[in-house]
Amino acid sequence: MLDRSRKTPDFMFDREAETMPRADIADLQAERLRWSLARAYENVPHYKRAFDAAGVTPDRLKSVADLKHFPFTVKTDLRDNYPFDIFAMPREQLARVHASSGTTGKPTVVGYSQGDLDRWAGLMARSMASAGFRPGDLVHNAYGYGLFTGGLGAHYGAERLGCTVVPVSGGGTERQVTLLRDFGAVDLCCTPSYALNIVEIAARMGIDIATLPVRRGLFGAEPWSNEMRAELDRRLGLKAVDIYGLSEIMGPGVACECDEARDGLHGWEDHFLFEVIDPETLEPLPMGEQGELVITTLTKEAMPMIRYRTRDITRLTDAPCACGRSHVRILRVTGRDDDMMIIRGVNVYPSQVEAVLVGLAGLAPHYRIRLFKEGPLDAIAVEVEVLPECDCCEAALIAKAREVCHHIKSIIGVTCTVNARLPGEIPRSEGKAVRVLDERG
Ligand code: DLL
């Protein structure tokens, strides 16, 4: 039996790569970056045009620092090349495509060669092992299967690690609870908001998830706060670990926390190059400063991505981690810059509101934010939900709303309307939660 209590990992999926000295990582990145830039330039008309317009060619890159001369790639570049023109190989040679629906317009289509799928499974296996999954574990995979990368990404990663996968996908929550109880999975993969939904439905069925064998949650695909982590740990009786990724770069498994520290997500630098830029000036920021995460793929064959602007706001750190892995850590993604609300001059992310609400006495960890116009200014109304065991009379709801309003004002510094709702009134998620309703017209 493996000893799970030790700090230093007794098991890494790919120890040599995961603990590579930083100087060796830098050499490997320079070599792979040259390959990736050349592949993009020679095979994708979009990159040929973009590099030519910026006056750069792949041979201009002498060291990784020269990457800053190359142009960024943004989501509209993928849409403009819809569906298959951003690929570096003929469609006939792709093994798979995924797509994200997006909120407006055309979906974003991404493609993989067989080699890309193989590396993805390896990186997901590495991520899962880092999160504490072990060969032989029973893995309940409730990420959605289909065009979304979550389901199949976690599926093939778990298989590669040597786990037994229960491929349930999202939805049908009562059945999920029954399977969790009957099969006794030890690892749970889903969005953090869906994990909350599962625990709640289970309680309604008279089952306390915390008493089941499940002890590890691999949660991602949406922003969540440390306060939410504490809530998930407690309610589900497991250790909640954060995993990050995006379809444009690969899918889940671009970065993952380690079970030992749970303090930032190791970004797998042998396959990706991470930068943080100032979203206004577009200049790269020094290690540790907050800005927009920009990722370049180093090994993707079908769809190299050069300096992809993720819109995700975070910080990087290269401080050593307790687990011994040497790869940089992406500190928790606080949100996307397009999610940022400016309320009377104060920048607010939904995850900041979440951090205030989760754990407040008498409140369920469900919330929604309505963004609307008040004259020329943006304003927010926050909907919270009281716990079933609380007093639900109108006066109690008004008092609770007032209390929450006061907390938000004193912690985040914005004045907002708060409406306290009855148990179950806020819609539950089966995948990525929709927290913000933009009613600005
Ligand atoms: O959400 C891939 C994924 C699946 C990641 C399962 C983790 C687990 P997309 O649908 O392309 O891919 O959405 C990517 O989701 O740019 C972030 O804004 C957000 N996101 C993903 N993981 C996290 C996370 C998948 N751990 C977009 N924390 C990204 C915060 C996250 N945001």
Side-chain angles (χ1 to χ4, degrees), residues 73-75 78-79 97-103 107-112 120 123-124 127-128 130-131 133 139 141-158 169-170 187-195 217-226 228-229 232 240-258 262-268 272 274 276 279 292-295 297 303 305 308-315 329-340 349-352 354-355 429-436:
T73 308
V74 293
K75 204 177 192 85
L78 273 80
R79 298 229 170 97
V97 293
H98 279 281
S100 67
S101 53
T103 39
T108 311
V109 182
V110 299
Y112 306 79
W120 184 14
L123 287 175
M124 265 312 276
S127 299
M128 289 170 147
S130 154
F133 290 26
V139 176
N141 184 17
Y143 280 119
Y145 281 63
L147 288 175
F148 175 51
T149 52
L152 290 175
H155 181 100
Y156 287 108
S169 192
D187 306 315
L188 170 64
C189 303
C190 61
T191 59
S193 57
Y194 192 46
L218 189 65
F219 300 141
E222 62 187 14
W224 53 304
S225 58
N226 271 332
M228 185 65 91
R229 187 209 302 273
L232 289 165
V241 180
D242 194 8
I243 180 162
Y244 171 82
L246 61 167
S247 0
E248 294 89 328
I249 295 300
M250 180 176 79
V254 171
C256 189
E257 282 184 335
C258 59
R262 294 200 292 175
D263 184 20
L265 305 98
H266 290 282
W268 305 125
F272 311 105
F274 301 95
V276 168
E292 179 182 342
L293 184 66
V294 169
I295 310 179
T297 61
M303 203 177 99
M305 275 285 120
Y308 184 70
R309 290 187 59 183
T310 64
R311 314 292 301 263
D312 291 326
I313 302 299
T314 188
R315 289 184 290 133
R329 279 172 292 151
I330 299 171
L331 298 183
R332 205 179 257 292
V333 172
T334 43
R336 300 176 54 77
D337 72 348
D338 30 14
D339 283 349
M340 192 182 78
Y349 288 102
S351 62
Q352 283 173 283
E354 173 178 303
S429 116
E430 292 188 345
K432 290 180 192 264
V434 179
R435 308 269 198 212
V436 180

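The figures that follow rest on heavy atoms only: side chains count, while hydrogens, waters and symmetry mates do not. One-based numbering, in listed order, for ligands and for the atoms of each. Since the model is a prediction, treat every value here as computed from it, not as a measurement. In what follows, residues are counted from 1 in the order of the sequence shown.
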### Query
Atoms of ligand 1 less than 4.0 Å from Pro252 heavy atoms?
2 (C), 3 (C), 4 (C), 5 (C), 6 (C), 7 (C), 8 (C)
### Summary
Short version for Tyr143: what comes under 4.0 Å of ligand 1, heavy atoms counted, is side chain
### From CH2 (Trp224) to OG1 (Thr334), nearest 0.5 Å
14.5 Å
#### Entry: Heteroatom distance test (Thr310, ligand 1): nitrogen or oxygen, under 3.5 angstrom
no
## Note on the structure
In short, Leu218 meets Tyr143 closest at the heavy-atom pair O-OH, 3.0 Å
### Message
Using every non-hydrogen atom in the two residues, find where Tyr308 and Ile249 come nearest and quote the distance to one decimal.
### Response
CB-CD1, 3.9 Å
## Note on the structure
Atoms of ligand 1 under 4.0 Å from any heavy atom of Thr149, numbered from 1 in the order shown, are 2 (C), 12 (O)
### Task
Please write down residue, atom name and distance for the protein heavy atom closest to atom 25 (C) of ligand 1.
Gly245 O, 3.6 Å
### Query
Ile243 to ligand 1: N or O pair under 3.5 Å?
yes
### Query
Looking at CD of Glu354 and OH of Tyr349, how far apart are the two atoms once the value is rounded to the nearest 0.5 Å?
15.0 Å
### Query
So, is Arg336 polar-close to ligand 1, with some N/O to N/O distance under 3.5 Å?
yes
### Close N or O approach (Ser100, ligand 1; < 3.5 Å)
no
### Message
Contact between Arg329 and Cys258 at the side-chain level, heavy atoms closer than 4.5 Å - yes or no?
### Response
no
### Task
Note the single closest protein heavy atom to atom 11 (O) of ligand 1, along with its residue, its atom name and the distance in Å.
Ser247 OG, 2.4 Å
### Contact with ligand 1 for Arg311, non-hydrogen, under 4.0 angstrom
no
### Query
To which protein heavy atom is atom 1 (O) of ligand 1 closest, and what is the distance rounded to 0.1 Å?
Lys432 NZ, 2.8 Å
### Query
Between Glu257, His98, Glu222, which one has a non-hydrogen atom sitting closest to atom 31 (C) of ligand 1?
Glu222
### With Leu293, the side chain to side chain contact (heavy atoms under 4.5 Å, CB included) member among Thr314, Val333, Ile313
Thr314
### Query
Is the shortest N/O to N/O distance between Ala221 and ligand 1 below 3.5 Å?
yes
### Task
Look at the rings of Trp120 and Tyr112 and say which category their plane angle falls in: under 30° parallel, 30 to 60° tilted, over 60° perpendicular.
parallel
### Query
Please state which protein non-hydrogen atom is closest to atom 16 (O) of ligand 1 and give its distance, to 0.1 Å?
Asp312 OD2, 2.7 Å
### Side chains of Ser193 and Arg435 in contact at under 4.5 Å (non-hydrogen atoms)
yes
### Query
Under 4.5 Å between any side-chain heavy atoms of Thr297 and Phe272, yes or no?
yes
